[in-house]
Amino acid sequence: QVQLVESGGGAVQAGGSLRLSCAASGRTFGRNAMGWFRQAPGKEREFVATISWSGGITHYADSVKGRFTISKDNAKNTVYLQMNSLRTEDTAVYYCAARFSTLAALTRGEYDYWGQGTQVTVSS
């Protein structure tokens with residue numbers, strides 16, 4: 001079993017920054033690619049960013065490209081999402097996800113474990 005715990009969410013004004021963290025633990029956690037998704041009220045959960053186990057491959061949703069950066073520290077089993085130039089439309093619950101593969105992935109169905117989510121609220 002893998003446990004994922006997100007932190008770092010909060011309320012910020014448009015143009016501000018936040019850094020989300022996701023700490024992973026569990027006996028079966030090892031060479032895992034990770035991802036971030038988000039879900040706004042009344043909308044489906046959508047892809048935000050993904051990173052391969054090595055950290056060498058990353059992909060972003062077009063809506064966050066150039067503003068968000070995903071990174072990971074394998075020694076700490078932690079993945080990060082640095083969010084800059086935040087917009088009101090970035091308001092959502094952000095979820096961390098892990099998959100039993102070293103390869104980055106862009107769709108929800110490719111992930112095996114999910115965190116509980118952390119709220120990000122961006123005001124104008």
Side-chain angles (χ1 to χ4, degrees):
Q1 193 77 350
V2 173
Q3 293 81 40
L4 303 174
V5 179
E6 302 98 333
S7 61
V12 65
Q13 287 194 321
S17 298
L18 283 173
R19 188 195 196 203
L20 304 183
S21 299
C22 173
S25 62
R27 289 193 306 163
T28 56
F29 189 80
R31 296 165 62 89
N32 303 81
M34 305 288 289
W36 286 97
F37 290 74
R38 67 186 181 186
Q39 187 167 16
K43 295 189 177 181
E44 294 210 350
R45 193 172 299 187
E46 64 175 6
F47 166 76
V48 175
T50 181
I51 188 166
S52 62
W53 175 79
S54 68
I57 303 294
T58 58
H59 298 289
Y60 298 91
D62 288 343
S63 58
V64 307
K65 205 170 292 183
R67 300 187 298 122
F68 291 11
T69 302
I70 189 171
S71 61
K72 67 198 309 276
D73 185 336
N74 286 341
K76 296 182 179 179
N77 287 340
T78 300
V79 63
Y80 306 97
L81 186 68
Q82 178 66 44
M83 305 186 295
N84 298 329
S85 302
L86 282 161
R87 305 168 180 169
T88 55
E89 54 263 39
D90 294 318
T91 295
V93 176
Y94 283 71
Y95 296 90
C96 171
R99 63 190 306 252
F100 284 126
S101 170
T102 60
L103 303 177
L106 280 69
T107 61
R108 290 169 52 183
E110 296 179 278
Y111 287 84
D112 302 289
Y113 291 98
W114 294 84
Q116 300 278 8
T118 185
Q119 177 70 48
V120 171
T121 303
V122 184
S123 60
S124 58

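We count residues from 1, following the sequence as given.
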Checklist entry - Checking side-chain contact (heavy atoms from CB on, under 4.5 Å) for the pair M83/V120: CA distance, chi angles, key distance, verdict? => result CA-CA 10 Å; M83 305 186 295; V120 171; 3.8 Å; yes

Item to check | side-chain contact (heavy atoms from CB on, under 4.5 Å) between N84 and S17, worked out | outcome: CA-CA 4 Å; N84 298 329; S17 298; 2.9 Å; yes

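- In this structure, Q116 places its CD atom where only 12 or fewer heavy-atom neighbours from other residues, nucleotides or ligands lie under 6.0 Å away.
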Next on the checklist: With salt bridge (Lys or Arg N to Asp or Glu O under 4.0 Å) as the criterion, how do D90 and R87 come out once you've worked through the C-alpha distance, each side chain's angles and the decisive distance to 0.1 Å?
Outcome noted: CA-CA 5 Å; D90 294 318; R87 305 168 180 169; 5.4 Å; no

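- Counting only distance, with no hydrogens or angles, the side chain of Y80 and the backbone of T69 share no donor-acceptor pair below 3.5 Å.
- By the 30° and 60° cut-offs, the orientation of the rings of Y94 relative to F68 is tilted.
- Partners of K43 under the side chain to side chain donor-acceptor pair (under 3.5 Å) rule, at least two apart in sequence or in another chain, do not exist in this structure.
- Enclosure of atom CD1 in I57 is not indicated, since only 12 or fewer non-hydrogen atoms of other residues, nucleotides or ligands lie within 6.0 angstrom.
- Heavy-atom contacts from other residues, nucleotides or ligands closer than 6.0 Å to CD of E89 number more than 12.
- Looking only at distances, no side-chain donor or acceptor of E46 sits under 3.5 Å from a matching main-chain atom of R38.
- The nearest pair of heavy atoms linking R99 to D112 is CA-OD2, 3.3 Å.
- Annotation: cation-pi pair R108/F37 absent, no NZ/CZ under 6.0 Å from the ring centroid and within 45° of its normal.
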Next on the checklist: Could you walk me through whether W36 and C96 satisfy the side-chain contact (heavy atoms from CB on, under 4.5 Å) test, starting with their C-alpha distance in whole Å, then the side-chain angles of each, then the deciding distance to 0.1 Å, before giving a yes or no?
Outcome noted: CA-CA 5 Å; W36 286 97; C96 171; 4.0 Å; yes

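- Considering every non-hydrogen atom in both S52 and A104, the closest pair reads N-CB, 3.8 Å.
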